[in-house]
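Here's the structure we're looking at; comments come further down.
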Amino acid sequence: MMKRTGIMILGLIFFGWLLTAQAAPAEKTILHVMGTVTEIDKKHMVVKTTKGQLVSLNLTKDVRFKNKHHPQSNEPPTVGDHVIIEATKQNKVLTANVVHYSPMHLAPNASP
């Protein structure tokens, strides 16, 4: 009788764990992507990482761009610029939050 009760209790615990494990929302993971911009438009950016992989990131209206040479600017990088991106991964989709970049060409009258 005691053995049967113990098995039933373990079964209920396992069943409860299954219910909570499947009901959990998708986790957000913070990642960093380093590399060179190969494509960019208003909604997405492709970065060739230092390991040679191409990584596609979504860009939203909330993304912040930080130019190393002009910290007050919020202009996006251009193709060829080096970037370090803080991104959120949710449901296998990467979305950029903050894009730190160093332009590979300086604008006229700009100092490094």
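If you're wondering where the values come from, they're calculated on a predicted model, not measured in any experiment.
A 4.5 Å side-chain heavy-atom check between L57 and V47 finds at least one atom pair inside the cut-off. For the pair P77 and F65, the minimum side-chain heavy-atom distance is below 4.5 Å. In this structure, the side chains of M45 and V99 come closer than 4.5 Å at one or more pairs of heavy atoms. With contacts defined as side-chain heavy-atom distances shorter than 4.5 Å, the pair P76/I40 qualifies.
With sequence neighbours excluded, the residues forming a side-chain contact (heavy atoms from CB on, under 4.5 Å) with E86 are I30, H32, N97, V98, listed by chain and number. Listed by chain and residue number, nothing satisfies the side chain to side chain donor-acceptor pair (under 3.5 Å) test with N58 (two or more places apart in sequence, or in another chain). Residues that satisfy the side-chain contact (heavy atoms from CB on, under 4.5 Å) test with K68, not counting sequence neighbours, are S102.
If you chain together hydrophobic residues whose side chains sit under 4.5 Å apart, V55 and L31 fall into the same group.
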Please test Y101 against H69 for side-chain contact (heavy atoms from CB on, under 4.5 Å), starting from the C-alpha separation and ending with a verdict.
-> CA-CA 9 Å; Y101 69 98; H69 300 297; over 6 Å; no

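Nearest heavy-atom pair, S56 versus L94, reported as atom, atom and distance to 0.1 Å: O-CB, 3.9 Å.
Side-chain N or O atoms of N91 include none that pairs as donor or acceptor with a backbone N or O of V93 at under 3.5 Å.
L54 shares a hydrophobic cluster with V46; the chain of contacts runs through ILVMFWY side chains whose heavy atoms sit under 4.5 Å apart.
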Side-chain donor-acceptor pairs under 3.5 Å in residues 78-85, sequence neighbours left out?
unit_1: T78; atom_1: OG1; unit_2: D81; atom_2: OD2; d: 3.2
unit_1: D81; atom_1: OD1; unit_2: M104; atom_2: N; d: 3.0
unit_1: D81; atom_1: OD2; unit_2: T78; atom_2: N; d: 2.8
unit_1: H82; atom_1: ND1; unit_2: T36; atom_2: OG1; d: 3.4

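Sorted by first and then second residue, the pairs that involve residues 38-48 and meet side-chain hydrogen bond (donor to acceptor under 3.5 Å, both in side chains), not counting sequence neighbours, are D41-H44.
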